[in-house]
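Let me begin by presenting the structure, written as structure tokens, before commenting on it.
Count residues from 1 along the sequence. Ligands are counted one by one from 1 in listed order, and the atoms in each one are counted from 1 as well.
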Amino acid sequence: MLYQRSSQLFTEAEEVIPGGVNSPVRAFKSVGGTPIFAKSAKGAYVYDEDGNRFVDYINSWGPMVLGHAYEPVVSAVIEKAKLGTSFGMPTALETEIAKLAVSMVPNIDKIRFVNSGTEACMSAIRLARGFTKRDKIIKFAGCYHGHSDSFLIQAGSGAITFGSPNSPGVTAGTAKDTLLASYNDIQNVKDLFEANKNEIAAIIIEPVAGNMGCIPPQQDFLEALRQICDDNGTLLIFDEVMTGFRLAKGGTQELYNIKADIVCFGKVIGGGLPVGAFAARNEIMNYLAPLGPVYQAGTLSGNPLAMAAGLAMLKALNADQAVFTRLEEKTAYLEKGIAKVLTSNNVLHTINRVGSMISVHFDANPVFDFETAKNGDNDTFKKFFHGLLVEGVYIAPSAYETWFISDALTYEDLDFTIRAVDKVSKDF
Ligand SMILES: Cc1ncc(COP(=O)(O)O)c(C=O)c1O
């Protein structure tokens, strides 16, 4: 059996960890089967406990944009660990990474580091509410901004996968302050502003959505949001947890030349350690404690190991900005190759891609929001997922996830993947 040891480990884990996993989407619920237990990873490959090797398109759900066990990150963490793993006092390292991040990303003066993307988004809306003195926020159906209460309202990703987008435990009081709009539907947003005059603190958006598969913003959509925010004294929050330091050095603000008021980061910024961050211009960031009245804190925030990993990662991306072009070219190559074999095997599909975010939807119609994303054929996706695993290719175990391409992938790896897609899709 291919995954015997993983199966045993899962059974053991289920005894002591709810569902056997520490984050629900790892549990394979939407694709069936037993989760594969990772043992190690290097470059473009992840190795499981049974000794199988997979070409990895999850890359820890995004952080490993330069591949696994990237040497400068690993050695930075080892060296720092020898000096102590946490102090609860400020360190020079935090200022160093903050300076670098602020120099790479447009329109931000200050940045605050936290421990996850969830914390970053949760803190960003508290800051926006405090700054504007308003309560309501707009989020888009199918976008995921972490698991804090205000966002578990038709959240994407794992929450869709489990068919319970409105999680029990989120109070009606909290939910009423989150207004829902459809992605790429500007009229919908205008209507919400009309109905909630002077009440909306912020719009939060994944500027390229990645939690209902990859969904690009349509022409002028982000510009229109910017305008509406300016007209109404509302802050525009870009959740760049997935897109930040991946689609461009300065994220989607740079890619589309649009200014956000607050930007949230996670994933790549920590180089694979638990890091999130949120950033804005001085006027907004100075509202945060200890300078201002909006409270936000963390025992392990700015942890030296996490900061060392993040700094090594950002330095590498800053020093070699051609990486973003290479990622784009590799992903475009993959897109073309997959489209060709799926077409020749008569599989109905739509492929969405922006830079190194890509997803294959098993539906021939355009996919531009949560409703159209839900039209994908999940039975086909399940066969696709398990077929690819057998061929040695690991994609996210959910039809609602983007694939994350890393620069460690070679063109041989991409050809290997395209051949695997060809083989698997012949049997659909
Ligand atoms: C766009 C986006 N925002 C926020 C989050 C939450 O980040 P974390 O899982 O680090 O809490 C995620 C996680 O996948 C995400 O994709």
Side-chain angles (χ1 to χ4, degrees), residues 21-27 57-65 112-126 128 137 139-162 165 167 178 183 202-217 222 236-247 251-253 255 260 262-279 296 298 300-301 303 306 309-310 313 354-359 370 373 395-404:
V21 292
N22 281 312
S23 193
V25 79
R26 296 179 197 164
Y57 289 95
I58 304 190
N59 281 295
S60 183
W61 304 85
M64 305 310 190
V65 71
R112 169 69 56 90
F113 285 94
V114 293
N115 305 290
S116 67
T118 295
E119 266 188 74
C121 296
M122 176 187 81
S123 308
I125 56 159
R126 184 181 306 138
I137 58 162
K139 85 170 276 288
F140 293 89
C143 281
Y144 180 67
H145 305 293
H147 63 92
S148 87
D149 287 2
S150 298
F151 298 128
L152 283 183
I153 319 288
Q154 278 204 23
S157 183
I160 307 175
T161 306
F162 294 101
S167 168
T178 301
Y183 203 85
I203 297 178
I204 185 164
I205 186 166
E206 288 179 67
V208 172
N211 282 292
M212 40 186 167
C214 173
I215 298 195
L222 297 176
L236 181 59
I237 304 176
F238 275 6
D239 176 353
E240 300 236 34
V241 167
M242 246 188 220
T243 52
F245 305 104
R246 168 170 287 279
L247 296 185
T252 45
Q253 289 194 95
L255 190 68
I262 305 181
V263 192
C264 304
F265 296 105
K267 302 191 190 273
V268 175
I269 198 169
L273 270 80
V275 180
F278 58 106
Q296 186 280 325
L300 292 177
S301 293
N303 171 269
M313 176 62 90
V354 177
S356 60
M357 289 165 61
I358 179 172
S359 57
F370 185 40
I395 63 169
S398 161
Y400 292 105
E401 296 289 348
T402 180
W403 305 20
F404 297 101

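From F238, atom CZ reaches atom SG of C121 across 13.0 Å, with rounding to the nearest 0.5 Å. Residue T178 holds its OG1 atom at 9.5 Å from CG of D149, rounded to the nearest 0.5 Å.
What you find for I237 and A124 is that their closest heavy atoms are CD1-O, 4.0 Å. A pairwise comparison of heavy atoms in A279 and F265 identifies CB-CE1, 4.5 Å as the closest pair. Closest approach of G117 and V241 over heavy atoms only: CA-CG2, 3.9 Å.
Both the backbone and the side chain of T118 come within contact range of ligand 1, each with a heavy atom under 4.0 Å. Residue contacts with ligand 1 for K267 involve side-chain atoms from C-beta outward but no N, CA, C or O (heavy atoms, distance under 4.0 Å). Only the backbone of H145 comes within 4.0 Å of ligand 1, judged by heavy-atom distances.
The option with the heavy atom closest to atom 15 (C) of ligand 1, from among N211, I204, T402, V208, is N211.
Between G117 and ligand 1, at least one pair of N/O atoms sits closer than 3.5 Å. Looking at E206 next to ligand 1, no N or O pair under 3.5 Å apart turns up.
In this structure, Y144 has a heavy atom closer than 4.0 Å to ligand 1.
For ligand 1, the atoms lying closer than 4.0 Å to a non-hydrogen atom of S116 are 10 (O), 11 (O). Using a 4.0 Å cut-off to heavy atoms of G146, the atoms of ligand 1 that qualify are 4 (C), 5 (C), 6 (C). Here is the list of ligand 1 atoms found below 4.0 Å of a heavy atom in D239: 1 (C), 2 (C), 3 (N), 4 (C).
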Q.
Would R112 and Q296 count as a side-chain hydrogen bond (donor to acceptor under 3.5 Å, both in side chains) here? Give the steps.
A. CA-CA 9 Å; R112 169 69 56 90; Q296 186 280 325; 2.8 Å; yes
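Residue T252 is tested with E240, E206, R246 for a side chain to side chain donor-acceptor pair (under 3.5 Å); the sole match is E240.
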